[in-house]
Visitor: 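The structure follows.
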Amino acid sequence: MTPLLDVADLAVHFPVFRGPLRRKAGTVRAVDGVSLQVFRGETLALVGESGCGKSTLARAVLRLQEPSAGQLRFEGQDLLRLDRRAMKAARRRMRMVFQDPHASLNPRLRAGEIVGEAFDIHGCTRRERDAGVAELLTLVGLGPEHAARFPHEFSGGQRQRIGIARALALHPSLVVCDEPVSALDVSVQAQIVNLLMELQERLGLSYLFISHDLHLVEFIADRVAVMYLGRIVETAPIQSLYAAPLHPYTQALLAASPSIDPDRRHQHVVPDGEVPSPLSPPSGCAFHPRCPFAIANCRAEMPPLLTLAPGHDVRCWRAGEWAAAPQRAAIPVGS
Amino acid sequence: MGTARYIARRLIFSACLILGVSVILFAMINAIGNPIEILLAERPGMTDEVIESVSRYYGLDGSVTDRYFTWLWAILRFDFGTSIIYNQPVSEMLVTYGLETLKIQIPAILIALVVSVLISVMAATRQYSRLDFGVIAGAMLGHSLPGFFIGILLILVFSYWLGILPSYGAYSTRNMLMNSTLIDGLWHMVLPVGMLVFFNTATLTLLMRSSLVEVLRQDFITAARASGLPERRVVFGHALRNAFIPVLTYLGILFGVMLGTAPVTETVFTWPGLGALYIMAIQQLDYPLIMGETMIITFMLVGATLLTDIAYVAIDPRIRLA
């Protein structure tokens, strides 16, 4: 099965200039050789700490940020080779939901104009637009009567519904959700997540779902990709990731995530130190300075992405050990 | 809707403001002393009788409150009295000189607005580029240099060295350019308008660029791009409209203080406008003229503020009509 979205060795590097003469002082490798696939109808969650390059990756996937290297295939097309017109056509099919619904809606436009803009851009008639807007607003749990209101007249949850309606205009196949609920009240988060899942079922959408909330991810995602310092360190189907995380970073993330289930309480293993600067990432495996299991080889060489189970890839020199004897993993997780 | 009520409230507030200014103005002018005594002080042999009759002629007898209400009633009918020095009705002078002032100020503000929008868009869409830094530096310089300095520089270059533009006045007294009043008038406008455009563009660009940079970073701009909207429409449609609020505030102030800065421009270019007239009136203690001009400046300022407040409501739906 060909994936809907196929990202191969994607990199986004930002040059950094310093000093009065603005000499190039280095490169921030925000995204550094990421490969991932999103299949039709599935949700791939992308998790990681803030600053690990999740949002940059999301932008690069939609070509809102031009990648420095790599390949990007969407619905069989090579996105990076499309001319302006073909790219515009592709944008109908891949849309985005933003984190902060207060910043992502133009305060000067009415809800109907915000949701309907895509119809105007892609040459629909006024009648098509008005019908589409009414349908979309109903679809996300608002009503056609809301079209005439301005964003400031809505609550946070309602605004995010407008943001989702905007993303669903003109039947996209892929929706990139960049932390779509993390700016909302907890009580509203569940409503929005349920809405997203319901819409996925009804419309056959695929989500690239960016989040740092592992409980939420467990609930919504089919597969998870864990990102650390611009690279994917582990990709796995949801059950195997939560049951047997193989990368020490994933283990630490899961351990750090609080649980109300007493059976799932476990020792908190917070990785030592800070996330290293992506301007000068550590040698070898970027996680080795914080990793309790680091060996000499980790410092020297970047581990390759190893496939240890069907669909379960991990980038760790000692992954074989954890896979062979998960009970010996020093951090008891989930059992 | 609440809009009408809002405007009505603003109107009443503005009227109170103007009334307050008129009281303070009248009190201050009175504090200077009886102008007749001051004017006639250097002429010995003036008897009290003469002073009294002249005072009566100019309406300066009677109590202060009586005179205030007489004056207030008069200015409500656009009658500012007669200029002591020029011996002309002040209202007529305000119109004649006012039109000359507006003739250079209005085009200058409009041209500056268009130019600064274009420059700001170029700079803000290329943030931190050489062009952007150049624009910031230029705008800072233009904003910091005193206006008269630019004016004198313009006169030096275009009138003195190149000799292609007139350095003073609004019209040629003889030998009209191409025998046309219109062309001759425009020809005289170039330098004063140029100076004001330079000055206004600098400040407007500083404001608009930073405002645009801020708006362009917002998610709804990315959202518009993600929907496939062409960049030009992203910038001019979504970004500019949102970046315009601080600029609108400044535009309101600019229209209001137009008459406050006019004395400088009109002195440099010997322009026959309200600014030059104001200086003259103050120097010669032509109190009907001073009071008339002060009231006109107040009207302009309050009017501009009122229009700005109303424009906010039109441009930004978030502003509450409270």
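Numbers restart at 1 for each chain; the letters A, B, ... are given by sequence-line order, proteins then strands.
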Visitor: Between the side chains of A:Glu113 and A:Arg108, is the shortest nitrogen-to-carboxylate-oxygen separation below 4.0 Å, so that they form an ion pair?
Guide: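 Salt bridge flag = no for A:Glu113 with A:Arg108.
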Visitor: Among the options A:Leu64, A:Asp120, A:Val176, pick out the one with the most heavy-atom pairs lying under 4.5 Å from chain B.
Guide: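 Looking at each of A:Leu64, A:Asp120, A:Val176 in turn, A:Leu64 comes out on top.
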Visitor: Please classify the contact of A:Leu109 with chain B as side chain, backbone, both or neither, using a heavy-atom distance under 4.5 Å.
Guide: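 Side chain of A:Leu109 only, per the 4.5 Å heavy-atom cut-off to chain B.
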Visitor: Within the side chain of B:Thr205, is there an N or O that forms a donor-acceptor pair under 3.5 Å with the backbone of B:Ala139?
Guide: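 It does not hold such a pair.
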Visitor: For A:Phe150, does its backbone N or O pair with a side-chain atom of A:Glu153 as donor and acceptor, under 3.5 Å?
Guide: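 Indeed, once roles are kept as given, a pair shorter than 3.5 Å links the two residues.
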Visitor: With only heavy atoms counted, which part of A:Leu105 is less than 4.5 Å from chain B, the side chain, the backbone, both or neither?
Guide: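 Contact with chain B involves the backbone of A:Leu105 alone.
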Visitor: Check whether A:His102 gets within reach of chain B through its side chain, its backbone, both or neither, counting any heavy atom under 4.5 Å.
Guide: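 Nothing of A:His102, per the 4.5 Å heavy-atom cut-off to chain B.
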Visitor: Counting neighbours of CZ on A:Phe17 that are heavy atoms of other residues, nucleotides or ligands and sit closer than 6.0 Å, is the number greater than 12?
Guide: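 Yes, enclosed.
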Visitor: Could you tell me which portion of A:Arg166 (side chain, backbone, both or neither) has an atom closer than 4.5 angstrom to a non-hydrogen atom of chain B?
Guide: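 For A:Arg166, the side chain is the part near chain B, not the backbone.
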Visitor: Measure the shortest side-chain to side-chain distance between B:Asn242 and A:Pro107 over non-hydrogen atoms and say whether it is less than 4.5 angstrom.
Guide: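 B:Asn242 vs A:Pro107: side chains touch.
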Visitor: Select one option (side chain, backbone, both, neither) describing which atoms of A:Arg92 are under 4.5 Å from chain B's heavy atoms.
Guide: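 Interface part for A:Arg92: neither.
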